[in-house]
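Side chains included, hydrogens not; waters and symmetry mates left out as well; all remaining heavy atoms used. Along the sequence shown, the residues carry numbers beginning at 1.
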Amino acid sequence: MAQSCKAATDFNLAPTAEDEQEVWGAARPGARQQRCYDDAVAVNVTPAEVEEWVGAVKAVGVSRVVSMLSDSELATYEQPLPAALAAAFPQGYVNVDAKAPGAAAEIMAALRAARAAGDRVLVHCWGGGGRTGLVQAAWLCAERGFSPEAAAEAVTAYGAARGCSRRVDVAALRDFVAAAGKA
């Protein structure tokens, strides 16, 4: 079965789970409905598209952002995305290549800092499914005591109920949680 690259919910934007509203997930700025990589739409994301995404994210109460884009993904923006998001989210913005050494610990530390400050935080990757779902599930494991299997099920089921696509590979989740220091 072919994967749909269209999200039913703008920006694939949703909280982690019904009882977890502190950490939200989404696709990248500029991906209102397109989630999968497509050369035709992957370049020249405009500042107006970034502003539209910022408005949607702020509308749900998000004040901090953890971006998980690689250098090649960041190169698809007309203007530097990190500078735009740092200005839009002065309470906290970080970009961490999720596949880089130390990324799991850095991402989880940013989520914990948001929680400690009482701020709602959003994690996003290219399409808001794979890396985003993985981090949302890791949050449930590390902070709510979920097993990896239960966390994966909670994130994917809640996302689906909200019209969002989330994917969580349980083996990758175990590795991420261990790398973050919460085995």
May I have the step-by-step check of side-chain contact (heavy atoms from CB on, under 4.5 Å) for V65 and V54, ending in yes or no? CA-CA 10 Å; V65 170; V54 167; over 6 Å; no
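- Taking each heavy atom of G130 and R167 in turn, the nearest pair found is N-NH2, 3.2 Å.
- Closest approach of M108 to A180, counting heavy atoms only: CG-CB, 3.7 Å.
- In terms of heavy-atom proximity, V45 sits nearest to P29 at CG1-O, 3.8 Å.
- The minimum heavy-atom distance linking L69 with C125 is given by the pair CD2-C, 3.6 Å.
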Go through F89 and V57 one step at a time and tell me if the side-chain contact (heavy atoms from CB on, under 4.5 Å) criterion holds. CA-CA 10 Å; F89 298 96; V57 167; 3.9 Å; yes
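- Judged by distance alone, the side chains of H124 and T132 never bring a donor and an acceptor atom under 3.5 Å apart.
- With sequence neighbours left out, the salt bridge (Lys or Arg N to Asp or Glu O under 4.0 Å) criterion links R131 to E73.
- Listed by chain and number, the residues in a side chain to side chain contact (heavy atoms under 4.5 Å, CB included) with E78 are N44, T46, P47 (sequence neighbours excluded).
- Looking at every heavy atom in both residues, G128 comes nearest to R166 through O-NH1, 2.6 Å.
- Going from atom CZ of R28 over to atom CH2 of W126 covers 4.0 Å, rounded to the nearest 0.5 Å.
- With rounding to the nearest 0.5 Å, the separation of CG in N95 from CG in L85 is 8.5 Å.
- Under a 3.5 Å cut-off, the side chain of N12 and the backbone N or O of S165 do form a donor-acceptor pair.
- Partners of D19 under the side chain to side chain contact (heavy atoms under 4.5 Å, CB included) rule, at least two apart in sequence or in another chain, are A17, R144.
- Judged by distance alone, with hydrogens and angles left aside, the side-chain atoms of Y77 form no donor-acceptor pair with the main-chain N or O of V50 at under 3.5 Å.
- Side chains of L111 and R64 form no contact here, defined as non-hydrogen atoms less than 4.5 Å apart.
- With sequence neighbours left out, S63 forms a side chain to side chain contact (heavy atoms under 4.5 Å, CB included) with Q91, D119.
- In this structure the side chain of R115 reaches within 4.5 angstrom of the side chain of W139, judged on heavy atoms.
- For the side-chain hydrogen bond (donor to acceptor under 3.5 Å, both in side chains) test, no residue two or more places apart in sequence or in another chain qualifies with W53.
- With sequence neighbours excluded, the residues satisfying side chain to side chain contact (heavy atoms under 4.5 Å, CB included) with D97 are S70, K99, A100.
- The two residues E18 and Q21 have their closest heavy-atom pair at O-NE2, 3.1 Å.
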Which side-chain N or O atoms in residues 151-160 pair as donor and acceptor under 3.5 Å with protein atoms at least two apart or in another chain?
residue, atom, partner, partner atom, Å
T156, OG1, A152, O, 2.9
T156, OG1, E153, O, 3.3
Y158, OH, R162, NH1, 2.9

Atom pairs and distances, donor-acceptor, side-chain atoms in residues 168-178, under 3.5 Å, two or more places apart:
residue, atom, partner, partner atom, Å
D169, OD1, A171, N, 3.1
D169, OD1, A172, N, 2.7
R174, NH2, E149, OE2, 2.1

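- Rounding to the nearest 0.5 angstrom, the gap separating the CD atom in E143 from the CZ atom in R112 is 4.5 Å.
- A donor-acceptor distance shorter than 3.5 angstrom exists from the side chain of T16 to the backbone of V23, with no hydrogens or angles considered.
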